[in-house]
Amino acid sequence: MSAAKQGAAPASNAFVRFWNSPTGPKTTHFWGPAANWGIAIAGLSDMNKPVDMISEKMTFALCVYSLVFMRFAYKVQPRNMLLFACHFANETVQLYQLQRKFGGYDFSIASHESSKTEGLESVPEKNSS
């Protein structure tokens, strides 16, 4: 057997194992979390929206939802770490949104303010004489 064939065999075997695994792309254990990443991505895009647009009831519901399904993803057999990671990311994003709503630190405002002050430092002051 040539060296090229030997090198290709483990890669194809890894792909076949992934393809046929109980959490592979032939199952809902894969496509459910893939679709659920949309919720976390939408939460990330909401970070730049004004705080008054955040619904505390909906954000709290998403926090509870993600906590419940993080536990489910860990306990279900076969253990679904892709689903766990998706809900962990969503939980983090939603908790950030909640703390913004209730007067916590807003990183998006801080970055905008620092960029404004940095631009002002380079502008020379005018003397009014």
What's the spacing between [X] [atom1] and [Y] [atom2] if we round to 0.5 Å?
X: L44; Y: I39; atom1: CG; atom2: CD1; result: 12.5 Å
X: Q97; Y: E56; atom1: CD; atom2: CD; result: 12.0 Å
X: T59; Y: Y96; atom1: OG1; atom2: OH; result: 12.5 Å
X: S21; Y: K26; atom1: OG; atom2: NZ; result: 9.5 Å
X: M81; Y: F88; atom1: CE; atom2: CZ; result: 10.5 Å
X: W37; Y: L82; atom1: CH2; atom2: CG; result: 7.5 Å

Please indicate whether [X] has more than 12 foreign heavy atoms, meaning atoms of other residues, nucleotides or ligands, lying under 6.0 Å from its [atom1].
X: F60; atom1: CZ; value: no
X: F84; atom1: CZ; value: yes
X: F18; atom1: CZ; value: yes

Side-chain heavy atoms under 4.5 angstrom apart, residues restricted to Ile, Leu, Val, Met, Phe, Trp, Tyr: same cluster for [X] and [Y]?
X: V93; Y: I41; answer: no
X: M70; Y: Y74; answer: yes
X: L67; Y: L62; answer: no
X: M58; Y: V64; answer: yes

Exercise. Please walk me through it: do H87 and F72 pass ring-ring contact (aromatic ring centres under 6.0 Å, His included)?
Worked result: CA-CA 10 Å; H87 284 295; F72 170 80; 9.1 Å; no
Does [X] reach the side chain of [Y], with side-chain heavy atoms less than 4.5 Å apart?
X: N20; Y: F15; value: no
X: T27; Y: P22; value: no
X: N36; Y: N90; value: no
X: C63; Y: E91; value: yes

Answer yes or no: is there a donor N or O on one side and an acceptor on the other, between the side chain of [X] and the main chain of [Y], under 3.5 Å?
X: R100; Y: L95; result: no
X: Q99; Y: Y105; result: yes
X: W31; Y: P25; result: yes

For this session: Report the C-alpha separation of I54 and D46 in whole Å, then their side-chain angles, then the decisive distance to 0.1 Å, and conclude whether the side-chain contact (heavy atoms from CB on, under 4.5 Å) test is met.
Result: CA-CA 8 Å; I54 298 172; D46 288 347; over 6 Å; no
